[in-house]
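As structure tokens, the structure follows; a few thoughts come after it.
Whatever order the structure lists ligands and atoms in, that order sets their numbers, starting from 1. Residue indices begin at 1 and follow the sequence shown.
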Amino acid sequence: MKITFHGAAQTVTGTQHLLRINGHTLLLDCGFYQGKRAESYERNLTFPFNPRGIDAVILSHAHIDHSGNLPNLVKSGYRGPIYTTPASAHLSNLMLMDSGHIQEQDAEYVNKKRFKRGEPPIEPIYNLEDAAHVAQYFQPMDYEEPFEPVPGVRAQLVDAGHILGSAAVSLEIEEKGRKIRLWFSGDIGRRNLPLVRDPILPEQADYMIMECTYGDKPHREPLAAYEELRDVVKKTVERGGKVIIPAFAVGRTQELVYGLHRMIDSGEIPRVPVIVDSPLAINATEIFRAHPECMDAETNEFIRSDRHKTALGFDLLTYTRSVEDSKALNDRTDPMVIISASGMAETGRILHHLRNNIENPRNTILIVSWQAPNTLGRRLADRETEVRIFGETYQRRANVATIGGLSAHAGQTFLVEYAQAVKGSAQKIFLVHGESGPAQALTEKLAEGGMGQVAYPALHSSFEV
Ligand SMILES: [Zn+2]
């Protein structure tokens with residue numbers, strides 16, 4: 001068997017691992033590389049392998065850095081199955097359509113600049129229509145249901161506890177009379193995350209491809225995030241202000257809604273309106289509701305005993321789909337919580353809410369995830385006092401609060417436990433999906449625990465096993 005690391009190699013995004021087994025080719029994930037615009041365009045546009053030569057794809061989960069280049073794969077001639085869980089197939093359809101729309105907008109933006117310079121226009125990497133073509137290739141597989149993606153390979157998807165439908169991939173490979181067990185972690189979740197089940201640890205693997213995003217630091221407990229959210233809402237409402245939360249539409253928004261639902265029902269926070277203002281989040285929420293099989297026991301128990309009979313809806317919660325309803329929120333002065341996308345406050349409806357509320361010292365802007373450098377979200381998290389929104393300068397007088405501990409990725413402590421689970425059997429662990437700092441820190445931690453066979457493969461490098 002040959003493993004080639006065509007993405008998320010010595011970086012975080014763009015996961016694509018190619019396996020060559022018994023003369024067949026299997027692709028683990030087909031992620032989008034997300035970096036600077038021009039570099040991302042080049043890297044995502046052309047594959048370093050022939051898409052027509054792939055026999056099967058296994059998709060670990062719906063995040064764009066794992067699924068985002070599937071439309072281009074199909075556009076480039078791939079016609080085989082894409083094995084993934086039913087929830088991931090469902091969620092990927094939604095996210096890929098959204099991504100297709102973003103690719104179209106991006107190309108339009110670039111082309112305006114190119115036109116001014118007298119340069120020919122570029123094509124989007126894929127468009128909405130290309131994204132819609134992917135759905136027919138999904139081959140939904142339940143967790144732990146065995147399947148044979150290519151001859152001689154017995155595969156299973158195992159709950160990764162990262163986002164709705166997320167999976168690790170367990171492969172039992174028979175090649176030339178030899179048996180090899182390969183475990184691909186996908187993105188590793190955490191224990192006690194809201195909504196989803198806890199990740200399942202790997203068993204008995206000869207080789208493991210493992211993510212290491214937070215290999216250098218342990219996380220705070222999810223419960224701490226719940227308490228921080230509660231305190232921020234309470235304080236802001238007491239001052240008569242609004243809480244404005246830029247949040248990713250898929251995953252983070254649903255976690256916040258579930259948390260606020262519990263807080264309001266239990267009287268931990270005052271009964272204030274909660275608004276989710278993002279069409280993508282609304283569609284994603286419907287998919288969460290359609291997949292109770294992915295929810296943890298605590299959530300299902302909550303739904304059973306809840307008077308609204310759902311984790312993601314309650315009497316004070318409003319989902320606003322139309323632009324008119326979104327704009328109507330501007331005129332309201334009563335305390336409320338507004339959750340809106342995008343998660344880094346770069347685009348989308350959140351910009352209107354920030355513009356309307358940033359200069360009022362009663363309000364709080366709540367940052368609930370890591371913010372990339374040079375984004376508005378990062379400038380807010382850094383508590384800059386003057387920010388630009390829609391090309392105009394605003395004085396930030398609203399409070400800024402940040403909540404850690406909500407990450408959907410395992411921190412260092414759990415990553416070590418995860419790797420230790422294959423200590424007796426693993427001949428090599430390949431660390432992927434992490435920058436060099438975290439990878440090195442995790443490698444050192446693992447060495448302390450007696451695990452020396454750790455590699456950090458370079459982009460496009462291959463290993464014969
Ligand atoms: Zn992910």
For this session: Quick one: closest heavy-atom pair of R230 and I269, and the distance?
Result: O-CG2, 3.7 Å
Exercise. Any idea which heavy atoms bring E211 and L415 closest together, and the distance?
Worked result: O-CD2, 3.7 Å
Exercise. E104: what forms a side-chain hydrogen bond (donor to acceptor under 3.5 Å, both in side chains) with it, not counting sequence neighbours?
Worked result: none
For this session: Report, as a single number, the protein N, O or S atoms less than 2.8 Å from the Zn ion (ligand 1).
Result: 4
For this session: If a pair satisfies side-chain hydrogen bond (donor to acceptor under 3.5 Å, both in side chains) and one of its residues is in residues 11-21, list it, with sequence neighbours excluded.
Result: R20-T25
Problem set entry | Non-neighbouring partners of N283 that pass side-chain hydrogen bond (donor to acceptor under 3.5 Å, both in side chains), sequence neighbours left out | R321
For this session: Could you check whether the rings of F49 and F47 sit parallel, tilted or perpendicular, using 30° and 60° as the cut-offs?
Result: tilted
